[in-house]
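So the structure is just underneath, and the comments pick up after that.
Numbering of ligands and ligand atoms starts at 1, following listing order.
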Amino acid sequence: MTSQRTRERLVQRLVEQGIRNSAVLDVMRVTPRHLFLDEAMAHRAYEDVALPIGFQQTLSQPYVVARMTELLLAEGPRSRVLEIGTGSGYQTAILAQLVGEVYSVERIKPLLQKARQRMRQLRLRNVQMNHADGGMGWEACGPYDGIVVTAAPERIPEDLLSQLATGGRMVIPVGKERQHLQVITRTHEGYETEIVEAVFFVPLRPGKAK
Ligand code: SAH
């Protein structure tokens, strides 16, 4: 179940689905996704599906994690990346192995606490986490040359746009019933939007939970 061969099959599927960035594929090959699930779900860790992590939230489908990471890195390496929606911390762990520093915000405290333990277990030391409403970003540590949002707002929060550095890229699902993955690039003139593909994420909720 947790074997290298099982992960190798997952990576092959990602390649078949069009993931091309070899650094992203390498990191997904070595990152143990089963560690991000409760025991009862761990046997399904290498299926290409979203899985429940409690609190009505889900660990994103591997294809979506790979795609978002590939889009983030498409115009070159990123040194400071803000992630909204830590959840299990799986996407956080993938990012941490590919960018300089990761700042991750989660509104549900027990999820954040578990994710923090997993970062320690995997010795990923370039990650900082914050229990807060990610719709407001994390201003104190910004601006960021990359932002990844793993819960969908109906409209992109102003605070996230303003914390994006010039030349920075934000990958974010936007919409209610119908959602699309968007890539926002901040230029000297303003913001450019590219609509990538249809996706399905849990909603970005306002405020922080206990
Ligand atoms: N990347 C995560 C996905 C988790 S699902 C993973 O692969 O495990 C999305 C997460 O976004 C949930 O944990 C949810 O609690 C969180 N979330 C939703 N609205 C939020 C907000 N306003 N601020 C911070 N986190 C939020």
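- Taking each heavy atom of R33 and Q61 in turn, the nearest pair found is NH2-CA, 4.0 Å.
- In terms of protein heavy atoms, atom 9 (C) of ligand 1 is closest to T150 O, 3.3 Å.
- The side-chain heavy atoms of T69 and M28, taken from C-beta on, include no pair separated by under 4.5 Å.
- Contacts of P203 with ligand 1, taken as heavy-atom pairs under 4.0 Å, involve the backbone alone.
- The distance criterion of under 3.5 Å between nitrogen or oxygen atoms is not met by V202 with respect to ligand 1.
- For A132, every heavy-atom contact with ligand 1 shorter than 4.0 Å involves the backbone, none the side chain.
- Atom 4 (C) of ligand 1 has as its closest protein heavy atom T58 O, 3.0 Å.
- Checking side-chain atoms of N126 against main-chain N and O of E101 turns up no donor-acceptor pair under 3.5 Å.
- Considering backbone and side-chain N/O atoms, Y90 never comes within less than 3.5 Å of an N/O atom of ligand 1.
- Side-chain contact between T86 and L111: absent, with no pair of heavy atoms (C-beta onward) separated by less than 4.5 Å.
- Taking every heavy atom of A151 and a limit of under 4.0 angstrom, the matching atoms of ligand 1 come to 11 (O), 18 (C).
- In terms of heavy atoms, L51 sits closest to M41 at CD2-SD, 4.2 Å.
- Under the 4.5 Å side-chain criterion, counting only non-hydrogen atoms from C-beta, V202 is not in contact with Q56.
- Each of the atoms 15 (O) of ligand 1 lies under 4.0 Å from some heavy atom of I108.
- Protein heavy atom nearest atom 11 (O) of ligand 1, with residue, atom name and distance: G85 CA, 3.2 Å.
- In this structure, D38 contributes its side chain and A40 its backbone to no donor-acceptor pair below 3.5 Å.
- Nearest heavy-atom pair, A93 versus T31, reported as atom, atom and distance to 0.1 Å: CB-CG2, 4.5 Å.
- With hydrogens and angles disregarded, a donor-acceptor distance shorter than 3.5 Å links the side chain of D145 to the backbone of R80.
- In the candidate list R33, K208, R205, R205 is nearest to atom 21 (C) of ligand 1, counting heavy atoms.
- The nearest heavy-atom contact from the protein to atom 7 (O) of ligand 1 is S60 N, 3.2 Å.
- Of all protein heavy atoms, the one closest to atom 8 (O) of ligand 1 is S88 OG, 2.7 Å.
- Although no hydrogens or angles enter the test, the distance criterion places a donor-acceptor pair under 3.5 Å between the side chain of H131 and the main chain of R107.
- For the residues I94, T86, L59, the heavy atom positioned nearest atom 2 (C) of ligand 1 is part of T86.
- Nearest protein neighbour of atom 16 (C) of ligand 1, counting heavy atoms only, is E106 OE1, 3.4 Å.
- M68 and L204 fall into different hydrophobic clusters, where Ile, Leu, Val, Met, Phe, Trp and Tyr are joined by side-chain heavy atoms under 4.5 Å apart, directly or via other members.
- Checked by distance only, ligand 1 and Q91 stay at 3.5 Å or farther apart across all their nitrogen or oxygen atoms.
- Looking only at side-chain heavy atoms (C-beta outward), Y191 and M170 stay at 4.5 Å or farther from each other.
- Salt-bridge formation is not detected for the pair R13/E16: no Lys NZ or Arg NE/NH1/NH2 atom is positioned less than 4.0 Å from an Asp or Glu carboxylate oxygen.
- Using a 4.0 Å cut-off between heavy atoms, D133 contacts ligand 1 through both its backbone and its side chain.
- Which parts of ligand 1 touch L111 is read off a 4.0 Å heavy-atom cut-off, strictly below it: atoms 13 (O).
- Shortest contact from atom 20 (C) of ligand 1 to any protein heavy atom: R107 CD, 3.3 Å.
- For atom 14 (C) of ligand 1, the closest non-hydrogen atom of the protein is Q57 OE1, 3.3 Å.
- The distance from ligand 1 to the heavy atoms of V105 drops below 4.0 Å at these ligand atoms: 24 (C), 25 (N).
- Under a 4.0 Å criterion applied to the non-hydrogen atoms of G87, ligand 1 contributes the atoms 4 (C), 8 (O), 13 (O).
- Rounded to the nearest 0.5 angstrom, H180 NE2 and T193 OG1 are separated by 13.5 Å.
- Counting the atoms of ligand 1 from 1 in the order shown, those under 4.0 Å from a heavy atom of G134 are 21 (C), 22 (N), 23 (N), 24 (C).
- Contact annotation: G207 has no heavy atom less than 4.0 Å from any atom of ligand 1.
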